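Just so it is clear, the model here is predicted, and its values are computed rather than measured.
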Amino acid sequence: MNIKKGQINIVIGLIIIFFLIALSKFGTHSVVASYNKSNPINLQEVPILNYHKVDILNHALSVSPREFEDQMEYLYQNGYHTITPDQLMAYLKSGKPLPDKPILITFDDGYLDNYTNAYPIMKKYGFTGTIFIVTNFISKDERFMTWDQIKEMQQNGMIFGSHTANHKSLTSLTKEQVLDELSQSRDEIARQLGKAPKYFAYPTGTYNGEIEDMVRKTGYKAAFTIEYGQVGADSDVFLLQRIPIFKGQKTFRSFFIRLNGAPVLEELGIIKN
């Protein structure tokens, strides 16, 4: 029987996933940094989920409200605790302990359904999240949230970061245009919400070393990509990986595999984005 190497890798990956899931049944524990000679801070990896839209539209970036609630219910029933980017940074930089089974939930763009659909579901399960907004769309395009809605969410624990002013691929812009996109967005969020954003997500997922450096120099403390993976001791805080959740015929199964099998799938290269 002719079995391809890729098929063998998938089988091995699934076996390891099931093994990891079985181990999780024996209880959870706090994610605490441990110290050793080879690595001063030996950190466990933390998953960051990446959503866009939560609606019933037949769109690749959409997850239905029913699917989204199924996923949030799964996280709740399996002992996950949502964290903020500040908590993640304190953990990555100094090993400050996180709660049991930490997870960071993020959204890109700032669509209206993040407020009307995702936000009520997250509140139901006591979860918070981080939304990276395109500032020139806010209160100007009916597909996106308003500043009043964002302020309400902020008062209830949601975090807001920058996704630039106009959602243009930064690698297609001049250096001056990139700086303008970064600073315009930062300044508008500061004006509307009373404090400058600390965190940034690359629009369309495009970046290079020069852009990464400009994000740092503009005052952001970390930046998020759309590259698949979890974050840990080896992560560049300006190139943080996430687990993208998209619409599919079997969306929950995809969510389950991407979340529980992230270390294995990342290592084998089975899922790229």
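- Every residue was checked against the side chain to side chain donor-acceptor pair (under 3.5 Å) condition with Thr130, not counting sequence neighbours, and none meets it.
- Taking the ring pair (Phe, Tyr, Trp, His ring centres under 6.0 Å) definition, one finds that Phe224 meets it with Phe132, sequence neighbours left out.
- Remark: the backbone N or O of Phe238 is not paired with any side-chain donor or acceptor of Tyr220 at under 3.5 angstrom.
- Not counting sequence neighbours, the partners of His167 by the ring pair (Phe, Tyr, Trp, His ring centres under 6.0 Å) test are His163.
- Judged by distance alone, the side chain of Tyr80 and the main-chain N or O of Tyr74 form no donor-acceptor pair under 3.5 Å.
- Here the shortest heavy-atom pairing between Gly229 and Ile243 reads O-CG1, 3.8 Å.
- In this structure, Arg186 contributes its side chain and Gly219 its backbone to no donor-acceptor pair below 3.5 Å.
- Nearest heavy-atom pair, Glu181 versus Ala165, reported as atom, atom and distance to 0.1 Å: OE1-N, 3.0 Å.
- A salt bridge between Asp70 and Arg66 is present, with a side-chain N of the basic residue lying under 4.0 Å from a carboxylate O of the acidic one.
- Residue Pro65 comes nearest to Ile56 through the heavy atom pair CD-CG2, 4.0 Å, listed as atom of the first residue, atom of the second, then distance.
- Using a 4.5 Å cut-off on side-chain heavy atoms (C-beta onward), Val54 and Phe107 make contact.
- A distance of 12.0 Å separates CD of Gln177 from OG1 of Thr164, quoted to the nearest 0.5 Å.
- Inter-residue side-chain proximity for Glu210 and Val178 is flagged as unmet; no heavy-atom pair is nearer than 4.5 Å.
- The side-chain heavy atoms of Arg242 and Asp108, taken from C-beta on, include a pair separated by under 4.5 Å.
- Judged by distance alone, the side chain of Lys53 and the main-chain N or O of Asp113 form no donor-acceptor pair under 3.5 Å.
- Using a 4.5 Å heavy-atom threshold, the side chains of Asp180 and Leu173 count as separate.
- The backbone N or O of Ile211 lies less than 3.5 Å from a partner atom in the side chain of Asn208, making a donor-acceptor pair.
- More than 12 heavy-atom neighbours from other residues, nucleotides or ligands sit within 6.0 angstrom of CG on Leu57.
- The number of heavy-atom neighbours closer than 6.0 Å to CD of Glu142, taken from other residues, nucleotides and ligands shown, is 12 or below.
- For His52, the ring pair (Phe, Tyr, Trp, His ring centres under 6.0 Å) criterion is met by no residue, not counting sequence neighbours.
- For the pair Gln184 and Asn136, the minimum side-chain heavy-atom distance is below 4.5 Å.
- Contacts of Tyr111 classified as ring pair (Phe, Tyr, Trp, His ring centres under 6.0 Å), with partners at least two apart in sequence or in another chain: Phe144.
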Original post:
When you look at Phe68 and Tyr51, which way does the ring pair (Phe, Tyr, Trp, His ring centres under 6.0 Å) test go after all the steps?
Top reply: CA-CA 10 Å; Phe68 184 74; Tyr51 294 93; 5.1 Å; yes

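- Phe160 is listed as a side-chain neighbour of Met145, based on a closest heavy-atom distance under 4.5 Å.
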**OP:** Kindly indicate, with the supporting measurements, whether the criterion side-chain contact (heavy atoms from CB on, under 4.5 Å) is fulfilled by Lys221 and Val237.
**Re:** CA-CA 8 Å; Lys221 303 303 180 184; Val237 297; over 6 Å; no

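- Judged purely by atom type and a 3.5 angstrom limit, Thr82 uses its side chain to pair as donor or acceptor with the backbone of Thr128.
- Distance alone, capped at 3.5 Å, is enough to place a donor-acceptor pair between the Gln241 side chain and the Tyr228 backbone.
- Applying the side-chain contact (heavy atoms from CB on, under 4.5 Å) rule to Tyr125 yields the partners Glu69, Met72, Glu73, Tyr76, Ile121, Phe127; only residues at least two apart in sequence or on another chain are considered.
- The closest donor-acceptor contact from the side chain of Asn166 to the backbone of Lys168 lies at 3.5 Å or more, if one exists at all.
- The closest side-chain heavy-atom distance from Tyr207 to Glu227 is below 4.5 Å.
- Listed here is the closest heavy atom pair of Ile83 and Leu104: O-CD1, 3.0 Å.
- With a 4.5 Å cut-off on side-chain heavy atoms, Ile189 and Ser185 count as touching.
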